[in-house]
2 protein chains.
Amino acid sequence: MASPPQTARSERTRAALRKAATVRFLAQGVEATSAEEIAADAGVTLRTFYRHFASKHDLLFADYDSGLQWFRKALAERPADENVIASVQAAIFAFPYDVDAVTQIANLRVDALDPSRIVQHMRQVQSDFAHALLDHLRRRHPDAVERGDELDLTVAARSITAAVFAAMEVWLHAPVRSLPELARLSREATALLEPTFRHY
Amino acid sequence: MASPPQTARSERTRAALRKAATVRFLAQGVEATSAEEIAADAGVTLRTFYRHFASKHDLLFADYDSGLQWFRKALAERPADENVIASVQAAIFAFPYDVDAVTQIANLRVDALDPSRIVQHMRQVQSDFAHALLDHLRRRHPDAVERGDELDLTVAARSITAAVFAAMEVWLHAPVRSLPELARLSREATALLEPTFRHY
DNA sequence: CGATGTTTCGTCACTATTGACGAAACGTGA
DNA sequence: TCACGTTTCGTCAATAGTGACGAAACATCG
């Protein structure tokens, strides 16, 4: 379904769909735009639309994948003797937040969007984040893997991830919702688990 | 949409749908059964089906809600001076696993079911579990709430939950998949976080 | 029992998503 | 440039899930 771009042709189609979607979304809002309209604007069939994007909402989070890749790389580039918590904090801080993109999304009338969709997507992101972190842990601690410490590694990856997303949730409900504030909350949240996973 | 039962009539309809679904699911498998068939068997329209269940798969996890309620109650009934980790462990241990139900589900050809559905549902369950735990923490520690320790409470609830589900994941990949083994893993997983959240 | 307010249903119409299959567009070597 | 294998599309046909609106079924009060 959500097949990754193979040829130049499909890349063109994807670009056309993306552009058409952006225009429509901005003009009439996400929920008020049908997949059919987007496809028509891009000059392809509805079926073709679904060959490039798993769902209408996938277009909204289209660049998410690159964000995850970025995170994986950032983790991989951390010094070998640094513990997980410090690495995660550093990776989060270095994340290249695109303010323009954020502003753009805000204009997309996301508020008029089915909240459950957003929530589902966030859960997916969290899950992917946890997997990335688990991979990182496994690579950094082959000894633990050898020893069969699956449970410890999994708990570490998942609970650290949980802390990061807990910070995000608190931030969403906070009065001051600035990037520095989010960073502060993330740092504080992960710091709580530092003593427990200091050894990783 | 997924409106909770209001009158006796709707309760009858729900029961009919449930029964029809069970029969079909058992006979031909979940994915091979259409919502329309279920509705027809129950003597109602497709639209009515969706008035009682948000989705076809909701029928599969129909009794899940009661499980969550049970968990909330179990937490509430723990002694006031017990810390969260201990309470969670106790609640999990006391859970009335219904072996028959598990067996039944196994027969439902769940394997032939879209895995992403199961995964999504598990994530939903995890989220609800975390909320229940957060509620519990707030009730048990009004002082922390007063103090504005939102972050600490949220991180605690979420990471403890993460540990429980991490145990579940490890269990799923383990060679011996028995209930006692799951209990052991859960206990061990949550124990890792005990020092961090001992104060709750 | 009959009038009335509330719930539950059925009907209609529409968007979202996906499988199957054949036609058109591309890229490549002869 | 032409034939051939591959990828991308279009067409057809289903199922899933929802909003709107009016009719039927129920529960209540007089």
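Every value quoted in this text rests on a predicted model; they were computed, and no experiment measured them. The chains referred to below are lettered A, B, ... by the order of the sequence lines, with proteins before strands, and numbering in each begins at 1.
In this entry the distance linking CZ of B:Phe53 with P of C:dT8 reads 14 Å, nearest Å. Between the P atom of C:dC12 and the CD atom of B:Glu36 lies a distance of 14 Å, rounded to the nearest Å. Between A:Leu17 atom CG and D:dT8 atom P the separation is 13 Å, expressed in whole Å. A straight line from NE2 of B:His52 to P of D:dA16 spans 18 Å, rounded to a whole angstrom. One can place NZ of B:Lys56 at 8 Å from C1' of D:dT15, the figure rounded to the nearest angstrom. In this entry the distance linking CD of A:Gln28 with C1' of C:dT15 reads 14 Å, nearest Å. Straight-line distance from the CZ atom of A:Phe49 to the C1' atom of D:dT8: 16 Å, rounded to whole Å. One can place CD of B:Glu37 at 14 Å from P of D:dA14, the figure rounded to the nearest angstrom.
With the nearest nucleotide of DNA chain C identified for both B:Arg9 and B:Leu46, B:Arg9 has the one nearer the 5' end.
A donor and an acceptor atom never sit less than 3.5 Å apart when one is taken from the side chain of B:Arg51 and the other from the base of D:dG17.
Distances were taken from every side-chain heavy atom of A:Ser55 (C-beta onward) to each of C:dT17, D:dT8, C:dA16; the shortest belongs to C:dT17. Candidate nucleotides D:dT8, D:dA16, C:dC12 were compared by shortest atom distance to the side chain of B:Arg47, and C:dC12 ranks first. Checking C:dG10, D:dG10, D:dT15 against the side-chain heavy atoms of B:Thr48 singles out C:dG10 as nearest.
B:Arg123 and A:Gln124 share a side-chain donor-acceptor pair at under 3.5 Å. Using a 3.5 Å distance cut-off with no hydrogens or angles, the side chains of B:Gln126 and B:His121 do not pair a donor with an acceptor.
Ring geometry for A:Phe129 against A:Phe165 counts as perpendicular: the plane angle is over 60°, on a 0 to 90° scale with 30° as the lower cut.
A close approach under 4.0 Å does not occur between any side-chain nitrogen or oxygen of A:Thr45 and OP1 or OP2 of D:dC9. The phosphate of C:dA16 has neither OP1 nor OP2 within less than 4.0 Å of any side-chain N or O from A:His57. Phosphate contact (OP1/OP2 of C:dT17, side-chain N/O of A:Tyr50, threshold under 4.0 Å): present. At D:dT15, none of the side-chain N or O atoms of B:Ser34 fall inside 4.0 Å of OP1 or OP2 (strictly under the cut-off).
Contacts classified as side chain to side chain donor-acceptor pair (under 3.5 Å) and involving residues 160-173 of chain B (residues at least two apart or in different chains) are given here: A:Arg158-B:Glu169.
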Please tabulate, for side-chain N and O atoms in residues 38-46 of chain A, each donor-acceptor pair with protein atoms closer than 3.5 Å (sequence neighbours left out).
{"unit_1": "A:Asp41", "atom_1": "OD1", "unit_2": "A:Arg24", "atom_2": "NH2", "d": "3.3"}
{"unit_1": "A:Asp41", "atom_1": "OD2", "unit_2": "A:Arg24", "atom_2": "NE", "d": "2.6"}
{"unit_1": "A:Asp41", "atom_1": "OD2", "unit_2": "A:Arg24", "atom_2": "NH2", "d": "3.4"}

